[in-house]
Undergrad: 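One structure is given below, represented as structure tokens, and several questions about it will come after.
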Amino acid sequence: DGTDRNGLYTSAILESIIIPGISILQMIQNVRNIVSAKSGNNQVPWESTSLTGDFFFRSAGVPSEMSGKDIEAYAPDNYRSNESAGYLTDSRDNHRYRTVVIGDQVWLAENLAFDPGGGSWTYENTAASALIYGRLYDWVTARMVCPSGWHLPGNEEWSVLSDHLGGDSVAGGRMKEKGTRHWKSPNTGATDEAGFNALPAGAFYSDGKFFDIWLDGRWWSETEESGSNAWSVLTTYNDSAFFRRLVFKKMGLSVRCVKD
């Protein structure tokens, strides 16, 4: 049931156990979500525990005394090799994000994970998923949730990114994280050549249903179409294109912030 030397369950454990700040119970929940999604709900792990407290395999965050090459050890290979990479610490919750310069723009290289207290969700309401995929936001919240000095990109800014990556026919692949650690195979055209590190966080319908984690990455645009609809952008596991979609503002999508 696995595509590499490890089975699906073991692969999910290895992926989840290295997440900083994740408790063993959160790790188990994350493993269950990964296995369920990647198996099409044919495998749904269950667990029984007598734990009475929290246990962490790795403490949260990068140690404050680490810098330079030590800090780079925490980053993906494509990020370490990008000379335009940097970091941003969100003063609201001290969450540390990778940033990347792509052309004349500066982007977060991770999905936003800030919890504004309303108008956002974690996938399947599992807190651990935000550590990898960030949170999902409705459009009204998405417009206000970026850190100070950053903002939700509009259609024109998304177009600038796509053009820099070769245009809509190939930009989706060039944005996506390489491989199938988080993306469903075949992850067509994925090169992540600019370090954007697009992940398939799925989405949330206002009726309470979550869908398409591991399949699609969907991000809000600041550009609205009407009182009920706004624009979004999309990358998917089986295409290298960069798509634009009108969706209901009440849906929950990922947020990538761009610097003012």
Undergrad: What is the minimum heavy-atom distance between Phe248 and Trp220, and which atoms define it?
TA: O-CH2, 3.2 Å

Undergrad: Can you tell if the side chain of Val233 reaches within under 4.5 Å of the side chain of Phe243, non-hydrogen atoms only?
TA: no

Undergrad: With side chains defined as the heavy atoms from C-beta onward, is the minimum distance between Asp115 and Ser120 less than 4.5 Å?
TA: yes

Undergrad: To the nearest 0.5 Å, how far apart are NZ in Lys209 and CE in Met251?
TA: 12.5 Å

Undergrad: Evaluate the ring planes of Tyr133 and His182, with Trp represented by its six-membered ring, and classify them as parallel (under 30°), tilted (30 to 60°) or perpendicular (over 60°).
TA: perpendicular

Undergrad: If I take atom CG from residue Asp93 and atom CZ from residue Phe114, how far apart are they, to the nearest 0.5 angstrom?
TA: 6.0 Å

Undergrad: Nearest 0.5 Å, what's the NZ-CD distance between Lys249 and Glu224?
TA: 3.5 Å

Undergrad: What pair of heavy atoms forms the shortest contact from Arg218 to Leu253, and how long is it?
TA: O-CB, 3.7 Å

Undergrad: Do Arg98 and Tyr87 make a side-chain contact, defined as non-hydrogen atoms from C-beta onward lying under 4.5 Å apart?
TA: yes

Undergrad: Just how far is it from atom CG of Leu112 to atom CG of Leu136, taken to the nearest 0.5 Å?
TA: 11.0 Å

Undergrad: Looking at side-chain heavy atoms only, is the closest gap between Ser148 and Ser91 below 4.5 Å?
TA: no

Undergrad: Check for a donor-acceptor pair, side chain of Ser232 on one end and backbone N or O of Arg245 on the other, with a separation under 3.5 Å.
TA: yes

Undergrad: Quick one: do Val140 and Tyr205 end up in the same hydrophobic cluster if we chain Ile, Leu, Val, Met, Phe, Trp and Tyr together by side-chain heavy atoms under 4.5 Å apart?
TA: yes

Undergrad: Would you indicate whether the side-chain heavy atoms of Met175 and Phe242 approach each other to under 4.5 Å?
TA: yes

Undergrad: Could you walk me through whether Thr235 and Trp183 pass the side-chain contact (heavy atoms from CB on, under 4.5 Å) test, one step at a time?
TA: CA-CA 11 Å; Thr235 60; Trp183 285 93; 3.4 Å; yes

Undergrad: Within the 4.5 Å heavy-atom criterion, are Asn125 and Phe210 side-chain neighbours or not?
TA: yes

Undergrad: Look at the rings of Trp158 and Trp107 and say which category their plane angle falls in: under 30° parallel, 30 to 60° tilted, over 60° perpendicular.
TA: tilted

Undergrad: Donor-acceptor pair, distance only, cut-off 3.5 Å: does the side chain of Lys250 make one with the backbone of Asp207?
TA: no

Undergrad: So does Phe211 get a backbone contact from the side chain of Tyr123, meaning a donor-acceptor N/O pair under 3.5 Å?
TA: yes

Undergrad: Quick one: closest heavy-atom pair of Arg96 and Thr89, and the distance?
TA: CG-OG1, 3.8 Å

Undergrad: Between the side chain of Thr180 and the main-chain N/O of Pro186, is any donor-acceptor distance below 3.5 Å?
TA: no

Undergrad: Group every Ile, Leu, Val, Met, Phe, Trp and Tyr by side-chain heavy-atom contacts under 4.5 Å, then state whether Val160 and Trp231 land in the same group.
TA: no

Undergrad: Treating Asn187 as the side-chain partner and Gly179 as the backbone partner, does any N or O pair qualify as donor plus acceptor under 3.5 Å?
TA: yes

Undergrad: Should Met144 and Tyr97 be counted in the same cluster of Ile, Leu, Val, Met, Phe, Trp and Tyr side chains packed under 4.5 Å apart?
TA: yes

Undergrad: Could you measure the distance from the OG atom of Ser254 to the CG atom of Leu108? Nearest 0.5 Å is fine.
TA: 12.0 Å

Undergrad: Is there a side chain to side chain donor-acceptor pair (under 3.5 Å) between Asp260 and His151 once you walk through the steps?
TA: CA-CA 6 Å; Asp260 293 349; His151 63 273; 2.6 Å; yes

Undergrad: Of all the heavy-atom pairs spanning Trp139 and Glu222, show the shortest one and how long it is.
TA: CZ2-O, 3.3 Å

Undergrad: Would you call Ser39 and Val44 a side-chain contact if the rule is heavy atoms closer than 4.5 Å?
TA: no

Undergrad: Counting only N and O atoms by type, is there a donor-acceptor contact under 3.5 Å from the side chain of Asp90 to the main-chain atoms of His95?
TA: no

Undergrad: Which atom pair, heavy atoms only, marks the closest approach of Leu199 to Asn111?
TA: O-ND2, 4.4 Å

Undergrad: Taking the side chain from Asp138 and the backbone from Thr141, do they hold a donor-acceptor pair closer than 3.5 Å?
TA: yes

Undergrad: Can any side-chain N or O of Ser221 pair as donor or acceptor with the backbone N or O of Asn155 at less than 3.5 Å?
TA: yes

Undergrad: Membership question, hydrophobic clusters at under 4.5 Å side-chain separation (ILVMFWY): are Leu234 and Trp214 in the same one?
TA: no

Undergrad: So Thr236 and Asp216, side chain to side chain donor-acceptor pair (under 3.5 Å) or not? Walk me through it.
TA: CA-CA 4 Å; Thr236 188; Asp216 297 336; 2.5 Å; yes

Undergrad: Say whether, by atom type as modelled, one donor and one acceptor occur between the side chain of Trp219 and the main chain of Val255 under 3.5 angstrom.
TA: no

Undergrad: Kindly indicate whether the side chain of Leu152, heavy atoms from C-beta on, has any atom under 4.5 Å from the side chain of Tyr137.
TA: no

Undergrad: Minimum heavy-atom separation for Pro153 and Val258, please, with both atom names.
TA: CB-CG1, 4.0 Å

Undergrad: If you measure from CG on Asp168 to CZ on Arg244, what distance do you get to the nearest 0.5 Å?
TA: 4.0 Å

